[in-house]
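If you read the sequence from its start, that first residue is 1, and numbering goes on from there. Every heavy atom of this structure was used, including side-chain atoms; hydrogens, water molecules and symmetry mates were not.
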Amino acid sequence: MNSLGKQLQVGLALGLLLFLGLLWWGGSLALRSLTEGFVASRLQHDAGTLLATLDLTEPKLPRLSSSGLGKIFHQPLSGHYYQVVFDDGTLLTSRSLWDQQLDIPKLPTGSSDDRRQAGPAGQDLLLHSAGYRKQGQHFTLTLAEDMTPLNRGLARFQWVFAALSLFSALLIILIQSLIIRSSIRRLDPVQEDVQRLANGEITALTEDLPSEVKPLVQEFNRLLQIQQQRLQQSRNSLGNLAHALKGPLNLLMRQLERDELKGYPEVQREMGLQVERIRQLMERELTRARLAGSGVAAERFSAEEEIPALVGALQQLYGERELEIEYQLPDQGRLPQDREDMLELLGNLLDNACKWAHKRVRFCLESGDKGVLLVVEDDGQGVSDDELERLGERGVRVDESVAGHGLGLAIARDVANRYGGTLRFDRSADLGGLQVEVELPQ
């Protein structure tokens with residue numbers, strides 16, 4: 001069970017059932033004890049009355065004065081009984097016993113005993129017995145009362161108490177459920193902020209939260225800030241390194257034009273080519289740093305905002321060739337993919353297309369329920385079937401006449417693989433050059 005709300009509700013329900021069960025059991029015991037105590041007290045009072053009416057003037061003919069007895073003792077099986085047993089075996093019983101006897105042991109003078117016992121017609125009797133000595137004779141006096149009516153009343157009370165307890169438990173659980181839901185709804189701003197953070201609208205989660213959750217959110221914001229700082233430092237370091245190398249590289253270019261090297265034209269040409277490649281790589285990294293520098297961690301990709309800047313940077317990078325870059329964008333504002341990943345994917349594919357194109361580069365970006373489809377085409381010379389199979393392998397270049405290190409398409413494939421997507425190469429039916437198609441699942 002992963003839901004905190006359900007765990008709290010189940011815990012509360014079990015706790016309430018245990019508490020109400022113990023309360024029901026304890027209440028029943030207390031009520032039964034109170035009832036038996038009240039009846040036993042009344043039996044003791046009746047025993048005193050009965051003792052006063054006992055006439056022992058004739059030792060062998062004891063009798064009870066009927067004027068001191070209630071009519072209830074004369075009604076057969078009335079549930080109220082008495083019995084007097086003398087040491088010589090003489091027995092006096094109430095008419096209500098209907099010629100039956102109670103199985104009561106003889107008790108010494110001054111002692112008493114209260115017990116439950118089955119009586120006539122299956123009645124549940126509560127008996128009070130005591131040993132007495134009067135006018136020189138010892139006897140055991142017992143009074144009994146049927147507890148069956150009180151037991152039925154106690155059973156009704158137990159059922160009513162159980163029903164009320166169950167209703168109260170359900171009502172408390174319902175109220176507690178509403179309280180839990182209301183409390184959990186206070187966490188909704190966190191979910192909304194996470195979505196806004198994923199869309200790049202904010203840089204931290206709100207901390208206006210309950211005290212139990214606030215430390216967790218604060219720690220998350222701290223880690224998020226550290227991540228953003230490290231990412232920004234990495235971007236700044238990349239740009240700073242490229243800028244730092246720019247001066248020595250320009251100086252190296254001027255050194256290649258010195259008269260001392262003119263006698264070595266092959267060496268001068270080869271060194272000039274390598275220096276130019278380093279310059280192009282630096283320009284490309286500076287462009288990437290400028291594009292990524294304004295983003296935040298986990299920001300989603302907005303085609304309408306990013307594509308024009310990316311195309312402008314590429315046209316500036318390949319300005320001497322006056323390339324025409326056409327693009328078609330989706331209506332959706334932000335795509336679910338990460339901004340940095342999409343910039344890296346598009347940047348490498350478009351950079352490769354611009355590198356090989358004669359005049360035109362075209363790409364189409366579509367977004368739907370199934371995911372994102374990206375198609376990049378150029379009007380270059382294209383590649384053969386054997387070269388199509390080799391494309392995308394890291395470090396593989398099909399033409400050494402164009403500057404590069406063969407990493408762009410391999411990096412694009414790595415990005416596609418991270419999203420579980422596919423990258424395919426083919427010939428462009430319209431432009432005649434290379435066509436790269438990338439599918440990223442939703």
Side-chain angles (χ1 to χ4, degrees), residues 273 276-277 279-295 301-335 337 339-368 372-384 387-388 391-392 397-413 415-416 423-440:
L273 181 61
E276 179 61 22
R277 287 183 177 180
R279 187 191 65 80
Q280 290 179 358
L281 286 174
M282 284 195 315
E283 290 293 339
R284 188 173 295 112
E285 295 305 323
L286 283 173
T287 301
R288 290 182 58 191
R290 286 195 298 268
L291 289 172
S294 60
F301 181 73
S302 174
E304 293 181 354
E305 297 176 4
E306 307 293 350
I307 294 300
L310 179 60
V311 170
L314 289 170
Q315 288 178 334
Q316 182 180 1
L317 185 62
Y318 296 95
E320 71 280 357
R321 296 169 54 189
E322 298 182 355
L323 292 177
E324 180 183 351
I325 303 178
E326 304 172 4
Y327 56 87
Q328 180 180 348
L329 304 180
D331 296 333
Q332 184 177 351
R334 290 186 180 270
L335 302 183
Q337 286 74 25
R339 174 181 181 268
E340 299 300 320
D341 290 339
M342 290 299 292
L343 283 177
E344 189 170 23
L345 175 64
L346 283 169
N348 279 286
L349 292 180
L350 290 176
D351 180 58
N352 183 77
C354 292
K355 188 184 304 179
W356 294 98
H358 296 311
K359 287 296 182 182
R360 293 181 62 193
V361 173
R362 183 173 65 190
F363 73 92
C364 176
L365 183 61
E366 298 178 358
S367 177
V372 174
L373 175 63
L374 172 65
V375 180
V376 179
E377 304 171 87
D378 64 73
D379 64 348
Q381 62 185 8
V383 293
S384 64
E387 293 170 341
L388 282 175
L391 281 176
R397 298 171 57 202
V398 298
D399 191 345
E400 298 289 339
S401 63
V402 178
H405 291 79
L407 297 177
L409 295 180
I411 293 174
R413 186 185 295 276
V415 174
L423 187 143
R424 294 186 295 271
F425 302 100
D426 201 351
R427 296 186 185 86
S428 174
D430 294 336
L431 301 184
L434 179 66
Q435 173 179 302
V436 184
E437 183 177 304
V438 182
E439 289 186 7
L440 302 178

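Under the side-chain contact (heavy atoms from CB on, under 4.5 Å) criterion, Asp341 pairs with Asp338, Val415, Arg418, Tyr419, not counting sequence neighbours. Annotation: salt bridge (charged side-chain N to carboxylate O under 4.0 Å, His left out) contacts of Arg362 (sequence neighbours excluded): Glu377, Asp430.
Listed here is the closest heavy atom pair of Leu373 and Glu437: CD1-CG, 3.7 Å. Shown here for Val372 and Ser367, the closest heavy-atom pair between the two residues is CG2-OG, 4.2 Å. Trp356 and Gln381 get closest at one heavy-atom pair: CZ3-NE2, 4.2 Å. Closest heavy-atom contact between Cys354 and Ile325: SG-CD1, 3.8 Å. In terms of heavy atoms, Arg321 sits closest to His358 at NH2-N, 4.3 Å. Between Ala353 and Val376, the shortest heavy-atom contact is CB-CG1, 3.8 Å.
Atom-to-atom distance recorded for Asp379:CG and Glu324:CD is 9.0 Å, nearest 0.5 angstrom. With rounding to the nearest 0.5 angstrom, the CD atom of Glu320 is 9.5 Å from the CD atom of Glu322. In this structure, CD on Glu439 lies 10.5 Å from CG on Leu374, to the nearest 0.5 angstrom. Between the CD atom of Gln315 and the CG atom of Leu350 there is a distance of 10.5 Å, given to the nearest 0.5 Å.
Checked against Phe363 for a side chain to side chain contact (heavy atoms under 4.5 Å, CB included), the options Val375, Ile307, Leu349 give a single hit: Ile307.
Proximity of a side-chain donor or acceptor of Asn352 to a complementary backbone N or O of Asn348 within less than 3.5 Å is not detected.
Looking at Tyr327 and Leu365, their side chains never come closer than 4.5 Å, going by heavy atoms from C-beta outward. Counting heavy atoms from C-beta on, the side chains of Leu345 and Leu440 come closer than 4.5 Å.
Atom CD of Gln328 has 12 or fewer heavy atoms from other residues, nucleotides or ligands within 6.0 Å.
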*List the steps, then state whether side chain to side chain contact (heavy atoms under 4.5 Å, CB included) holds for Leu314 with Val361.*
CA-CA 11 Å; Leu314 289 170; Val361 173; over 6 Å; no
